Structures are given as C-alpha cells and as structure tokens.
Amino acid sequence: MINMKIEHADKVTILLAALSERYNSLHLIRARVESIGTWIIGLSLGAGGWLLQSTHALTCADRSVLIIGVLLGLAVLRYFYLADLRTGFKAQQRVAARLEDALGLYEDALFDAHASPIYPIGWKNAGAKESEGKFFQSTYLMIYLSAIFLTISILAAGSI
C-alpha cells in the first residue's frame with residue numbers, strides 16, 4: 001500500500017466532491033420514489049375510475065384475479081423495489097452526514113459568529129434509526145391508499 005500525505009486543502013476538495021455526489025444521489029433517489037408514487041396514484045385513480053364507470057359486471061373470478069394482481073404488485077413495489085431504494089437512500093444519508101461532520105458543518109461558530117452550527121445537529125443522524133425523516137413512510141401511505149381505492153373499485157365495478 002502506498003503511504004500518501006494529502007494536504008488539508010486537497011482533503012477539503014475531496015470531501016466537497018464526495019458530498020456533492022451524495023447530494024446528487026439523494027436527489028435522484030428521492031425523485032425516483034416521488035415519480036413512482038405519482039404514477040401509482042395516477043394509474044390507480046384512472047383504473048379505479050374506469051372500473052366504476054364501466055357497465056360491465058366483473059365475475060367473482062375476475063375480481064379475485066384483479067385484487068390478487070393489485071396486492072401482488074403492491075407487495076413487489078413496496079417490499080422489493082421501494083425497500084431497495086430506501087436502503088440506498090439511508091446509506092447515502094449516513095455518508096453525507098459523515099462528510100458534513102468532517103467539513104465542520106455541525107460545529108458551533110465555525111463559519112460565522114453564531115453560537116449554533118450551520119446545519120441543525122439533528123441532521124447528523126440522517127439515515128440512522130433515530131432520524132426524523134418521513135418521506136418513505138408518507139409515500140407508502142399514499143400507495144396503500146391508492147391500492148385500497150383500486151380494490152374498492154374492483155369490488156364495486158358494475159354494481160353502481
């Protein structure tokens with residue numbers, strides 16, 4: 001292994017570049033989750049509305065297959081795709097918080113005369129179990145409500 005000495009200014013440059021990449025990754029994951037949530041809500045509302053307006057009565061077998069499809073799709077989306085994105089998001093948050101800490105963004109009066117840090121101290125816990133973020137939970141809730149609406153629409157199709 002090569003023993004290198006990195007100058008302080010170079011370390012700051014490296015930390016800033018790494019932090020910028022973490023922020024970019026966080027934005028991309030958040031946008032992907034938001035997009036998926038929006039599409040699921042839109043498709044559920046559209047399909048549910050179409051089913052409710054349809055005069056075609058679904059058989060019990062049709063309803064069963066559609067509801068199983070909704071539940072299976074919801075499970076795959078929630079417990080595989082979104083769970084994987086959440087894991088990556090939390091990991092990116094933890095790395096970003098460590099980089100922010102290394103840059104001194106949680107230290108009092110480091111950059112100005114204020115007695116408090118530039119970043120709220122609670123942000124140091126980003127990605128950890130004790131963090132306060134609810135982005136994924138609220139996205140899950142919206143998707144669950146969409147699935148409930150679609151399921152009710154399937155059950156009520158042709159009977160209204």
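Heads up: numbering here begins at 1 and tracks the sequence. None of the values given here were measured: they were computed from a predicted structure.
- Cluster note: L72 groups with no other residue, as no ILVMFWY side-chain heavy atom lies under 4.5 Å from it.
- Listed by chain and number, the residues in a side chain to side chain contact (heavy atoms under 4.5 Å, CB included) with E21 are N24, S25 (sequence neighbours excluded).
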Listed pairs under 3.5 Å, donor-acceptor, residues 27-46 side chains, sequence neighbours left out:
| residue | atom | partner | partner atom | Å |
| --- | --- | --- | --- | --- |
| T38 | OG1 | E34 | O | 2.8 |
| S44 | OG | I40 | O | 2.8 |

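- For Y106, the side chain to side chain donor-acceptor pair (under 3.5 Å) criterion is met by E100, not counting sequence neighbours.
- Listed by chain and residue number, I67 satisfy the side chain to side chain contact (heavy atoms under 4.5 Å, CB included) test with L71 (two or more places apart in sequence, or in another chain).
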Sequence neighbours excluded and cut-off under 3.5 Å, please list the side-chain donor-acceptor pairs for residues 6-15, or say none.
| residue | atom | partner | partner atom | Å |
| --- | --- | --- | --- | --- |
| T13 | OG1 | A9 | O | 3.0 |

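- Here R63 pairs with nothing under the side chain to side chain donor-acceptor pair (under 3.5 Å) rule; sequence neighbours left out.
- Remark: T59 engages D62 in a side chain to side chain donor-acceptor pair (under 3.5 Å) (not counting sequence neighbours).
- Under the salt bridge (charged side-chain N to carboxylate O under 4.0 Å, His left out) criterion, D108 pairs with no residue at all, not counting sequence neighbours.
- Not a single side chain to side chain donor-acceptor pair (under 3.5 Å) links R86 to another residue, sequence neighbours left out.
- Side-chain heavy-atom separations under 4.5 angstrom define the hydrophobic clusters, and I68 shares its cluster with no other residue.
- Applying the ring pair (Phe, Tyr, Trp, His ring centres under 6.0 Å) definition to pairs two or more places apart or across chains, those involving residues 76-102 are F89-F136.
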